[in-house]
Amino acid sequence: AGKIGDEEYFNAVKNRTMALNLPVDFKTDLSRTEIESLLKTSLFFINPKYCEHFGIATLEALRAGCLPFVHQSGGSVEIIPAPELQYTNA
């Protein structure tokens with residue numbers, strides 16, 4: 001869920017997901033209310049952003065009750081110091 005920053009990359013990810021028949025639902029351009037509702041009904045949150053500066057999305061997910069998984073770089077690791085919840089690759 002989120003904004004599309006790179007249309008070509010988004011389409012590649014979406015096409016790959018469909019080719020692998022993965023149960024993924026892409027949600028784009030959601031309102032603030034829709035994002036909060038989605039987070040409140042989710043168990044997990046994966047922040048895929050490499051070198052996330054501040055980790056605001058991670059904080060929002062935590063506030064909504066999600067268990068976050070974050071890339072082992074940037075500001076998110078300061079918020080989520082547990083190595084079990086950090087990753088370096090898929």
Query raised in the report: Atom CG of Leu39 and atom CG of Leu62: how far apart are they, to the nearest 0.5 Å?
Result: 10.0 Å
Report task. Could you list the residues that satisfy side chain to side chain donor-acceptor pair (under 3.5 Å) with Glu78, not counting sequence neighbours? Result -> none
Query raised in the report: In the single-linkage hydrophobic clustering (I, L, V, M, F, W, Y; side-chain heavy atoms under 4.5 Å), do Ile80 and Leu43 co-cluster?
Result: yes
Side chains of residues 65-74: which donor-acceptor pairs under 3.5 Å do they make with residues two or more places apart or in other chains?
unit_1: His71; atom_1: ND1; unit_2: Ser73; atom_2: OG; d: 2.8
unit_1: His71; atom_1: NE2; unit_2: Thr88; atom_2: O; d: 3.4
unit_1: Gln72; atom_1: NE2; unit_2: Gln86; atom_2: OE1; d: 3.1
unit_1: Ser73; atom_1: OG; unit_2: Cys51; atom_2: N; d: 2.8

Requested in this report: Measure the OG-OH distance between Ser76 and Tyr50 for me, rounded to the nearest 0.5 Å.
Outcome: 13.0 Å
Query raised in the report: Yes or no on side-chain contact (heavy atoms from CB on, under 4.5 Å) for Thr17 and Phe26, after CA distance, side-chain angles and deciding distance?
Result: CA-CA 10 Å; Thr17 301; Phe26 293 93; 3.7 Å; yes
Query raised in the report: Can you get from Phe45 to Ile79 by hopping between Ile, Leu, Val, Met, Phe, Trp and Tyr side chains that sit under 4.5 Å apart?
Result: no
**Report entry** Test item: side-chain donor near acceptor, Ser37 and Glu34, under 3.5 Å
**Finding:** no
Query - Minimum-distance pair of heavy atoms, taken over all atoms of Tyr87 and Ile46 - result: OH-CG2, 4.1 Å
Requested in this report: Applying side chain to side chain donor-acceptor pair (under 3.5 Å), name anything that partners Lys27, two or more places apart in sequence or on another chain.
Outcome: Asp25
Query raised in the report: Is it the case that one hydrophobic cluster holds both Met18 and Val24, taking links as side-chain heavy atoms less than 4.5 Å apart, direct or via other members?
Result: no
Query raised in the report: If every non-hydrogen atom of Glu52 is compared with every non-hydrogen atom of Ile56, which pair is closest and at what distance?
Result: OE2-N, 4.3 Å
Requested in this report: Would you mind checking if Glu60 and Arg32 are paired as a salt bridge, meaning a charged N to carboxylate O distance below 4.0 Å?
Outcome: yes
Query raised in the report: Side chains of Ile4 and Tyr9: closer than 4.5 Å at any heavy-atom pair?
Result: no
Report summary line: Output for pair (Thr28 OG1, Glu7 CD), nearest 0.5 Å, gives 8.5 Å
Requested in this report: Return yes when atom CG of Asn21 has more than 12 non-hydrogen atoms of other residues, nucleotides or ligands closer than 6.0 Å, and no otherwise.
Outcome: no
Report summary line: Value for NZ (Lys3) from CZ (Phe10), rounded to nearest 0.5 Å, stands at 13.0 Å
Report task. Calculate, to the nearest 0.5 Å, the distance between atoms CG and NZ belonging to Asn47 and Lys49 respectively. Result -> 8.0 Å
